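Everything on this sheet refers to the single structure shown next.
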Protein chains: 2
Amino acid sequence: MTVSSPSASSAGSPRSVATKARKASVLAAALDCFTRLGTDGTTIQDIQRQANCSIGSIYHHFGSKEGIAEELFLDGIARFNKGMVRQLKKCQDAEESVRAVVGYYCDWSTRHRELARYLHSRDIDFSTDAKARLKRIHQDYIAAVFLWFAPFVEAGQMRQLPIDTYVPLISGPIQEYVRRWLSGHHNIGPKQVREVFADAAWNAVKG
Amino acid sequence: MTVSSPSASSAGSPRSVATKARKASVLAAALDCFTRLGTDGTTIQDIQRQANCSIGSIYHHFGSKEGIAEELFLDGIARFNKGMVRQLKKCQDAEESVRAVVGYYCDWSTRHRELARYLHSRDIDFSTDAKARLKRIHQDYIAAVFLWFAPFVEAGQMRQLPIDTYVPLISGPIQEYVRRWLSGHHNIGPKQVREVFADAAWNAVKG
DNA sequence: CTTTTTACTAGAATCGAATTCTAGATTACG
DNA sequence: CGTAATCTAGAATTCGATTCTAGTAAAAAG
């Protein structure tokens, strides 16, 4: 492995750019195939053809079909989380923050419907390595969210509860609603019931 | 197809008993393999060996590996739902009913931990046929639950809300908590946070 | 009680898709 | 330049799901 100076690697040597683009195109192709043909129905060839690259190239970058699926999942979660944290930081108080969580969930799922669907389709059942990476992502997220909300709890704007219960209380209902919507169980989009869930979320945790 | 008298088929002709037993043993073996080796990591041979039967037998009963997975899923959901409805019918009023939903979720997931884990690991992404069967199971459940709760809404004990929001509001948080617990994200079992979620559920829908 | 049909079991043979392997091209870097 | 590392290709292999053929035992028909 080459340990180049940290600053140089991130930017744009001709190859690293090409590599990033190729990986991205494979992931995009994979998502599209998974959506159209189902995760199991998709073959490496389907992805490879759609991404315009060779089998060798795919295996070089992802190691296995499962590797593609994991990357897509972890990458998607990470992006979702990042956006969430960004939204939170725009908020002024506890209530606005809690409502922002629900709102962001609705917006993001509507905007990235296919990816959202994919993220919902897998949740447990990963390789040891992917599990570790997921746990890491998850912990970073929890830490960021915790940092944001802790002062509100301190100040009494939000109730004091077991630490692991906040996320389920706030986002559980909207998440479950979105899951059902994405599986085609109901037709009313999340944006139209957003208020109901935002109210419930705030109610569940307000001081 | 033989159309025997309806009453006779359900009970216990020597063959139908043996068949039921074999199917059950395959499903049990499958669940165990899925738990130990992961859904993808499990081969038909693994299941076949553990269930002590031949490949032909498995394919005769389930048609495909996916068929086993679907049967396990649908059967599990159906049993969960049935138990839930039974619990509900023991309740006297709205609040007790709502709390019972959360309680049942905790108990069942703890008692049938492996099956619960499996049910959480798949949620979308089924064959057309399985989707139809799932929808049917789902509708029956919703109908039963709706029948139970409707009078309470009428009587003003529970709030009037968009029909599809009740289930996510009541069971979303505990479900999300259990999912995280089953994936190993936190160590405190659902029974220890049951009250928090029961309170929140009742709060979200009380009149 | 035979015959015939149907449900079920068995396991070898097939087929297809994931993965591995070898070779060659391109880029970084001293 | 030249040497190593990264990356791309696609043919060859491997492994597992599925199919097929044959046979057994229970049920239904007569």
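For clarity, every value in this text was computed on a predicted model and none was experimentally measured. In what follows, every chain begins at residue 1, and chains take the letters A, B, ... in the order their sequences are listed.
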Counting only side-chain heavy atoms from C-beta out, which of D:dT8, D:dG10, D:dT19 sits nearest to A:Ile55? D:dG10
Could you please name the option among C:dA10, C:dT9, C:dA18 that lies closest to any side-chain atom of B:His61? C:dT9
Whole-Å gap separating [atom2] ([N]) and [atom1] ([X]):
| X | N | atom1 | atom2 | value |
| --- | --- | --- | --- | --- |
| A:Lys23 | D:dT8 | NZ | P | 11 Å |
| B:Gln48 | C:dG11 | CD | C1' | 9 Å |
| A:Lys65 | D:dT14 | NZ | C1' | 17 Å |
| B:Tyr59 | D:dA22 | OH | C1' | 19 Å |
| A:Ile68 | C:dA17 | CD1 | C1' | 13 Å |
| A:Arg49 | D:dG10 | CZ | P | 13 Å |
| B:Ile58 | D:dT19 | CD1 | P | 14 Å |
| B:Glu66 | D:dG16 | CD | P | 18 Å |

Within the pair [X] and [N], is there a side-chain N or O less than 4.0 Å away from OP1 or OP2?
| X | N | result |
| --- | --- | --- |
| A:Arg22 | D:dC7 | no |
| B:Ser64 | D:dA17 | no |
| B:His60 | C:dC8 | yes |
| B:Ser54 | C:dT9 | no |

Taking the six-membered ring of B:Trp108, is NZ or CZ of B:Arg79 closer than 6.0 Å to its centre and within 45° of its axis? no
Is the shortest side-chain N to carboxylate O distance from A:Arg36 to A:Glu114 below 4.0 Å?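 No.
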NZ/NE/NH1/NH2 to OD/OE distance under 4.0 Å, A:Glu176 and A:Arg179: yes
Interatomic spacing from CE in A:Met158 to OH in A:Tyr166 - rounded to 0.5 Å: 5.5 Å
Any heavy-atom pair between the side chains of B:Asp199 and B:Arg99 that's under 4.5 Å? yes
